[in-house]
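Each remark here refers to the structure printed beneath this line.
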Number of protein chains: 2
Amino acid sequence: MKFTIARNTFIKKLNAVQRAISSKTTIPILTGLKIEAEEDRLILTGSNTDISIETTISTNDEEAHLNIESTGAVVLTARFFGDIVKKLPDNTMLLEVKDGFQTTITSGASEFKINGLDANNFPHLPEVDSQTTITLKADVFSEMINETVIAVSNQESRPILTGIHFTIEGNKLSAVATDSHRLSQRVINLPEPIKMPEDIIIPGKSLLELSRMLDDEIDTITLQISENQALFTFDETLFYSRLLEGLYPDTSRLIPKESSTEMEFEAPELLASIERASLLSHAGRNNVVKLTINAANKQAIISGDSPEVGNVEEEVVTKDIVGEDLEISFNPDYLKDALRSFGHTSIKMAFTSALRPFTLVPTEDQENFIQLITPVRTF
Amino acid sequence: MKFTIARNTFIKKLNAVQRAISSKTTIPILTGLKIEAEEDRLILTGSNTDISIETTISTNDEEAHLNIESTGAVVLTARFFGDIVKKLPDNTMLLEVKDGFQTTITSGASEFKINGLDANNFPHLPEVDSQTTITLKADVFSEMINETVIAVSNQESRPILTGIHFTIEGNKLSAVATDSHRLSQRVINLPEPIKMPEDIIIPGKSLLELSRMLDDEIDTITLQISENQALFTFDETLFYSRLLEGLYPDTSRLIPKESSTEMEFEAPELLASIERASLLSHAGRNNVVKLTINAANKQAIISGDSPEVGNVEEEVVTKDIVGEDLEISFNPDYLKDALRSFGHTSIKMAFTSALRPFTLVPTEDQENFIQLITPVRTF
């Protein structure tokens with residue numbers, strides 16, 4: 001194998017594939033990057049137990065200036081090889097694999113010789129043989145991931161909750177995540193109704209890596225599903241994620257249909273108040289903040305305290321308050337995550353009682369995005 | 001005590017004093033910030049076992065909008081108080097100390113009540129009663145610190161080497177640091193000759209904190225020395241550092257007077273080569289890079305290798321090479337630190353033999369700045 005390529009294009013593709021490569025793995029070859037040169041293209045592959053990424057650079061790509069002199073394949077330690085490529089002196093680099101997978105990387109006056117591994121020992125990527133292809137707007141899907149992934153569980157005790165649950169009904173794609181203390185649900189419209197064989201659960205971590213790859217240059221991505229894999233395709237790149245197996249809990253009945261108190265406000269206003277209150281709740285043993293609503297006075301007060309350090313109290317700037325008076329306590333970090341996911345929007349918060357979960361929805365488009373938080377019992 | 005102040009001015013001063021405050025200390029009151037309100041000024045003080053910083057905000061400072069309603073003093077947990085002040089909603093804050101050092105901080109709709117401590121228990125700052133005051137250009141002194149502190153030892157086994165050694169001869173102030181593997185020496189000219197009672201050794205860490213405080217707005221700083229303290233004064237701020245006790249080794253005889261091989265180059269050129277070579281030396285067990293000089297061909301080759309990973313070799317772009325052929329090995333990290341301290345300058349590197357220390361000086365101004373590195377024996 002022997003080829004020359006423009007270093008900046010190569011680095012961009014390398015960075016993408018490195019998302020799938022862990023330097024801490026018990027399978028040594030998986031710390032490696034697989035490089036394959038075919039007649040008219042270069043294929044880079046990285047893989048771990050959760051995700052695999054394969055990306056292609058074509059000889060037709062004008063910016064890449066790819067010139068393949070001879071075909072072949074090799075596996076190189078990914079982190080180390082990446083560091084070398086990034087520090088090379090010249091715009092162009094030459095990579096050549098010789099006997100025993102000895103690999104020479106040349107650029108300007110600099111010549112590296114590093115030990116490679118046999119690419120035949122690199123695991124094969126899963127085969128995704130699906131009839132159904134779902135086409136998604138990259139920015140909308142990325143937003144959907146970021147809005148729901150905050151509620152994914154970090155605890156491996158219930159693995160199913162470490163994923164985001166996707167279902168399709170007609171032309172509505174719905175994503176739900178819950179760690180059993182809070183829940184986030186987002187619905188987006190697909191261009192046309194699709195019949196998905198069954199619902200799927202994709203690990204939150206896989207989706208977070210995927211969303212980081214979806215930059216402004218990528219317009220649409222497609223999703224195909226096989227028995228235990230999801231395959232996202234975009235921009236000459238294949239992104240595989242394993243699916244979580246098992247039954248996702250029925251979350252639809254968790255969301256209250258009615259409310260006794262409602263409060264409307266701008267998300268950044270409440271976020272700033274909660275951030276201040278959590279300075280004190282974090283200092284104490286119980287990370288709890290209290291919201292006291294006086295409906296008649298249209299007054300909402302956030303307070304936090306820590307016996308060792310002190311306390312804080314402040315009135316929140318609200319747009320409207322209706323319903324009954326209420327005193328409710330909750331983990332401020334859950335509310336911070338939820339409010340951040342809304343951005344600069346007007347929010348409606350709805351409560352039923354001090355012990356029942358409360359919800360947040362954007363004042364506009366209330367149907368398609370809902371965050372739910374379970375309060376903390378303090379008495 | 002009760003005062004109002006513009007929050008941005010207060011935060012700036014708070015950040016400065018926090019440099020002296022550690023959250024991990026066995027003396028609880030030293031995790032605190034002392035705030036003193038006098039008739040016409042506010043004094044903030046922080047202290048640890050190495051450095052103390054005291055800074056003043058005057059009621060005459062127009063940007064501060066300081067209004068002192070009643071005098072007094074309190075000590076507040078520095079990190080916690082800092083976090084609160086930074087997150088307050090309004091441009092102005094009111095601080096009031098009540099019975100039992102209960103402190104109320106009010107800003108906009110937000111009110112914090114935190115527990116304070118008696119300022120009488122805060123340690124007194126050292127008294128520096130010196131006849132001699134040395135005036136220094138802030139930018140030049142800051143540069144001097146950063147150029148020499150790289151060679152300061154991190155090992156507490158020889159505490160004296162964790163400091164920078166300052167001596168004055170006539171109008172020349174000299175700073176030297178060495179960890180016994182390398183040495184950095186910088187000389188600056190003072191406006192007039194000064195008689196300093198004796199040489200002093202200031203901890204490198206103290207000077208690094210000081211240099212971080214010397215921003216572009218500060219033109220000159222003064223230095224006064226007492227038996228065991230150095231006091232730097234600038235911009236309404238007093239910065240105290242303890243001195244290291246003991247005899248600093250005689251470093252003047254370490255610097256070779258003659259050389260057998262000399263090489264001239266641009267610092268960034270060699271730095272880039274060394275960074276590449278150290279990618280491989282870091283992967284191996286011995287962190288060593290080799291420089292091979294062929295004087296007749298005016299050729300210098302940098303190489304690094306790691307048996308497990310591979311090797312690298314490259315010819316360095318030099319401006320001139322004179323003298324004898326040489327093969328010398330060294331720790332690339334020492335050379336990287338040295339080259340970075342020079343910035344974008346032409347450098348002269350001088351060698352006597354493969355086992356003797358070599359030196360680097362800027363081609364211009366060779367007298368006042370020298371870096372010395374001890375090679376590694378590899379045979």
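Numbered from 1 within each chain, the chains take letters A, B, ... in sequence-line order. Side chains included, hydrogens not; waters and symmetry mates left out as well; all remaining heavy atoms used.
- Residues of residues 291-302 of chain B lying under 4.5 angstrom from chain A, judged on non-hydrogen atoms, do not exist here.
- The distance from the CG atom of A/Leu44 to the CD1 atom of A/Ile21 is 9.0 Å, given to the nearest 0.5 Å.
- The closest side-chain donor-acceptor pair between B/Glu36 and B/Thr45, if any, does not fall under 3.5 angstrom.
- Note on ring orientation: taking the six-membered ring where Trp is involved, the planes of A/Phe10 and A/Phe3 are tilted (angle from 30° to 60°).
- Between chain B and the options A/Gly108, A/Ser110, A/Gly116, the largest number of non-hydrogen pairs under 4.5 Å is found for A/Ser110.
- When heavy atoms are compared at a cutoff of 4.5 Å, B/Leu76 does not approach chain A at all.
- Atom CD1 of residue B/Ile29 and atom CG of residue B/Asp118 lie 7.0 Å apart, to the nearest 0.5 angstrom.
- For the residue pair A/Thr103/A/Lys113, the side-chain donor-acceptor check at 3.5 Å is not satisfied.
- A/Ser281 pairs with exactly one of A/Asn331, A/Asp305, A/Asn287 by the side chain to side chain donor-acceptor pair (under 3.5 Å) rule, that one being A/Asn287.
- Ranked by heavy-atom pairs under 4.5 Å with chain A, the first of B/Leu280, B/Ile114, B/Leu279, B/Ile105 is B/Leu279.
- Listed for the B/Thr77 side chain is no donor-acceptor partner under 3.5 Å among the backbone atoms of B/Gly32.
- For the residue pair A/Asp333/A/His282, the side-chain donor-acceptor check at 3.5 Å is satisfied.
- Between chain A and the residues B/Arg276, B/Glu111, B/Gln102, B/Lys87, the most heavy-atom pairs under 4.5 angstrom are made by B/Arg276.
- Side chains of B/Ser22 and B/Asn48: no donor on one and acceptor on the other come within 3.5 Å.
- When A/Glu262, A/Glu264, A/Glu266 are each tested for a salt bridge (Lys or Arg N to Asp or Glu O under 4.0 Å) with A/Lys348, only one passes: A/Glu262.
- Taking the charged nitrogens against the carboxylate oxygens, A/Lys86 and A/Asp83 have no contact shorter than 4.0 Å, which rules out a salt bridge.
- Among the residues in residues 306-321 of chain B, those with a non-hydrogen atom closer than 4.5 angstrom to a non-hydrogen atom of chain A are B/Pro307, B/Glu308, B/Val309, B/Gly310, B/Asn311, B/Val312, B/Glu313, B/Glu314, B/Glu315.
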